[in-house]
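Working notes, structure below.
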Amino acid sequence: MSDNRSFFNEMLEESGLPRSAYSLLSEWLAKQPPNFLKRKSREAETIFRRLGITFAVYGAHEATERLIPFDPIPRIISAAEWRRLSAGIDQRVRALNAFLHDIYHRQEILRAGRIPSELILQNAAFLPEMVGFTPARKVYAHIIGTDLVRVSENEFYVLEDNTRTPSGVSYMLENRETMMRLFPDLFQMHRVAEVEQYPDLLRATLESVGPDQAKSQQTVVLLTPGIYNSAYFEHAFLADSMGIELVEGRDLFVDEGKVFMRTTREPRQVDVIYRRIDDAFLDPLTFNPDSMLGVPGLFDAYRAGNVTICNAPGTGIADDKAIYAYVPEIIEFYTGQKPILNNVPTWHCAREDDFAYVLDHLDEIVVKEVHGSGGYGMLIGPTASKRQIADFRKILMANPSNYIAQPTLALSACPTHVASGVAPRHVDLRPFVLIGDQVRITPGGLTRVALKKGSLVVNSSQGGGTKDTWVLED
Amino acid sequence: MLGRTAASLFWMSRYQERAQNIAKLLEVAYRTDMMPSNGVNEAGDWRFALTASGSEFGYTEKVGELTPRGVINYLLFDKTNPSSVRICLENARNNGRAVRTGITAEIWESLNTTYLEFMDVNPQSITQERLPDFLAWVSQRAHLFRGALLNTLLRDDGYFFSQLGNFVERADNTARILDTQYWLLLPDNDVIGDGSMERHQWSGILRALSGLRSYRFAYPDAKLKATNIAEFLILRKEMPRSLAHCCDWMDDAAEDLAQFYGERQASIDLAAENWKTMRETSIQDVYRKGLHEFLMEFMARNNHFATQLSADYNFA
């Protein structure tokens, strides 16, 4: 998007005066000496590198480790704004879990004709293996990262519900730690809601969905693909801060329908698996037979009710891009209420009318693959060249049902440290939600920022960075 | 604790210890090469570093001609040499990474920083002049790791496994260094050899094991003698790199492990036996058996212990 289009500036009103949540920060920023932020940025980088907060990037030859750029200026959300957001998120995650339970059981929503059956039943993310099975507390998606964007004072849109294995929460936690080290004075000036309780809440959530709640202690483990996975740091970080074992598939085995881990002594039974590997790799006997990451027999143990897998297999259907458009329906159907948070209007290229509109407006809209992620395989009309649009049109025509399109949103912008000083850059927000015996939403979340001037792509794989996100207390 | 976690802690310490040992060998080669009396066989000093680290075959295959530059590169930076400092540091870090939940932030940060800084070094920049400083850095980083481990790690099974890895490696290294030049340490040398040649070689062995200074304190007449050096490095448990010292620590850690788990595995008895043998052996016994034979047998027993340990505690 070009910069001359208007966007919502989260710090400044149109008059140029700071909004009330930002007033102290804005004053503070103005007082800092010229190279102060630059120095602080470097300090932050040293901290991150030493701690090993890196993600792996697979290049042509060797995997290298990179840091996600960290912006030292916090993003601030007022208490009132947060109350509304969290009410909307709460409503949404409850509805999505009710939806998952329904489509794997009686499929009332399909019978009622609110969603076309084929959209579910012929969807690769729908797991027939889950039909008829009820996980503990009827919770399917225990950890959800809801991607939000803001376009005006009171308008937030949900961009995506990440209901599979959302990542990024370690950045939320480490960003806060780092900020407290870099700017203790800023924390004295503001009442910032804490986030450090997240690992405890996560553990409590996982324990609350153990298959046998009569047990005095639930053995919870985190299942990682291993040290070469790009999010390995986060896996280790979370296991460490929860005080649970970080296991790989080879550390687990199934015996008589129960899951055990191989220890230095007797095998120990596992009750809850927080898995950070995809459905397809969970169990080579049920899913992808080539999987080296999974545990043979795990799915049977799960269906026998001897272990809980978080998130449940088959939750991907709830964040499928084709289902996304129906989430407002889903909320109304299961809660009887109007959605508090809106979806971004979406055109389905599978529908003839929508597709015709998309083809006519390619230079104005964003087109995405239904199953894509990470900012790959998409077209951002307003910034694309004629040539890029023409090329994309050919790809799109070949397989329209593989694409959806959305209007280019004027993402809000936050003050960000850049080469020339402080300038607005576009941001999104991923709050992290935990669903078990109750719904727990950690105030704030991960703010991703597009560091390039005018850019709307916040993905770290496309040059995005992160910010600490502050929710102010009243 | 997961069997894999135990294995990673064991190997993390083992590789870090190995990295330091390789650096030490290079330091000795470098020093001996400087000696004025040593114009004849300077390549031999570098060969010592290759042999003692078990890298001679690999070097001949890959590099061929014996040159200081070649040896330095091969032992420090070569990606194909499983014992190069680079690979040791990488393996130590990868093992640490795999058990991030089992080690403290201090231990992790020392491993991680060492690795990242090492990877930033351009091998070409480590000229012979800069070599001693660089090796000292490697050594200091190893000390930092060990200090972090001793000062911060909870004294539970994880700690015992990491101690065992450390001392299995150290014992193996000491035995190898002694065996590489065992003939220099035969009693006959005390009679015939008192030339500067022997002195350099003896002090080289002591230096490789950081024992030159402490030797002089341990033996009041402070004279370098083959039998005393052998006794010092094999049987004196107060010498931190002697075989006896290593066996003593391994026995302690093994007993602690047995106590921690409340049961005695076969490897615990092996450690006890190894330490008992050391305690009851005199240097005369060693020579009677044959120094080389004694060392070979020691390395086999040490290795047997490590294998048994990994079987007993499900390392695989």
Side-chain angles (χ1 to χ4, degrees), chain A residues 45-56 61-67 170 174 177 199 203 219-253 260-268 270 274, chain B residues 1-10 12 79 90-117 119-120 144 148 154 156-161 164 257-258 260-265 267-268 309-316:
Chain A
E45 195 181 316
T46 312
I47 294 173
F48 284 128
R49 195 166 285 284
R50 204 180 60 226
L51 294 175
I53 308 177
T54 54
F55 69 104
H61 300 291
E62 268 179 283
T64 52
E65 287 166 23
R66 295 223 191 116
L67 292 173
S170 59
E174 288 291 10
E177 279 297 311
R203 184 165 171 166
T219 299
V220 183
V221 300
L222 193 157
L223 176 60
T224 172
I227 63 167
Y228 298 109
N229 183 268
S230 62
Y232 178 77
F233 164 77
E234 177 157 304
H235 307 162
F237 175 90
L238 288 174
D240 197 18
S241 30
M242 284 190 280
I244 64 170
E245 290 285 358
L246 177 64
V247 303
E248 295 179 19
R250 58 191 160 123
D251 298 318
L252 301 178
F253 66 94
F260 295 90
M261 53 180 160
R262 296 177 217 276
T263 75
T264 49
R265 298 187 67 211
E266 304 299 307
R268 181 159 158 216
V270 173
Y274 174 24
Chain B
M1 167 177 287
L2 293 176
R4 184 173 55 81
T5 303
S8 285
L9 290 165
F10 178 88
M12 171 187 75
K79 273 190 271 188
E90 188 172 319
N91 286 341
R93 176 178 181 260
N94 276 348
N95 277 291
R97 210 164 135 79
V99 293
R100 271 295 290 273
T101 51
I103 58 176
T104 61
E106 286 84 351
I107 298 173
W108 165 249
E109 285 179 23
S110 90
L111 282 172
N112 191 38
T113 309
T114 306
Y115 173 76
L116 294 175
E117 289 182 5
M119 293 305 281
D120 274 347
L144 184 70
L154 194 66
D156 62 6
D157 41 353
Y159 172 81
F160 306 135
F161 285 118
L164 289 169
L257 202 56
F260 184 86
Y261 285 136
E263 66 186 5
R264 237 187 136 73
Q265 305 279 12
S267 50
I268 309 299
L309 185 79
S310 51
D312 288 347
Y313 295 99
N314 306 316
F315 276 17

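A, B, ... follow the sequence lines: proteins, then strands. Residue 1 opens every chain. Here the structure is a predicted model, which means the values were calculated and not measured.
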Under 4.5 Å from any heavy atom of chain B, what part of A/R268 do you find: side chain, backbone, both or neither? neither

So which part of A/L222 gets closer than 4.5 Å to some heavy atom of chain B, the side chain, the backbone, both or neither?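 When you check distances to chain B, no heavy atom of A/L222 falls under 4.5 Å.
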
What option among A/V247, A/L246, A/D251 has the most heavy-atom pairs under 4.5 Å with chain B?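 Counting heavy-atom pairs under 4.5 Å, the top option is A/D251.
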
Quick check: closest heavy atoms across B/T101 and A/A236, and the distance to 0.1 Å?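 In this case the closest contact between B/T101 and A/A236 is CG2-O, 3.7 Å.
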
For B/V99 and A/Y232 the tightest heavy-atom approach is N-OH, 4.2 Å

Any sub-3.5 Å donor-acceptor pair from A/R265's side-chain atoms to B/Y261's backbone N or O? yes

Would you find a donor on one side and an acceptor on the other, under 3.5 Å apart, between the side chain of B/N112 and the backbone of A/R49?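 Yes, B/N112 side chain to A/R49 backbone: donor-acceptor pair under 3.5 Å.
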
So do the side chains of B/M1 and A/T264 get within less than 4.5 Å of each other, counting heavy atoms only? yes

Below 4.5 Å from any heavy atom of chain A, which atoms of [X] appear? Answer side chain, backbone, both or neither.
| X | value |
| --- | --- |
| B/A98 | both |
| B/Q265 | neither |
| B/F161 | side chain |

Sequence neighbours excluded, which residues qualify as side chain to side chain contact (heavy atoms under 4.5 Å, CB included) partners of B/N94?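 In terms of side chain to side chain contact (heavy atoms under 4.5 Å, CB included), with neighbours along the sequence ignored, B/N94 is linked to A/I227, A/Y228, B/E90, B/R97.
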
For chain A, which residues from residues 2-9 of chain B have at least one heavy atom closer than 4.5 Å to it?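 Near chain A, by residue number: B/L2, B/G3, B/R4, B/T5, B/A6.
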
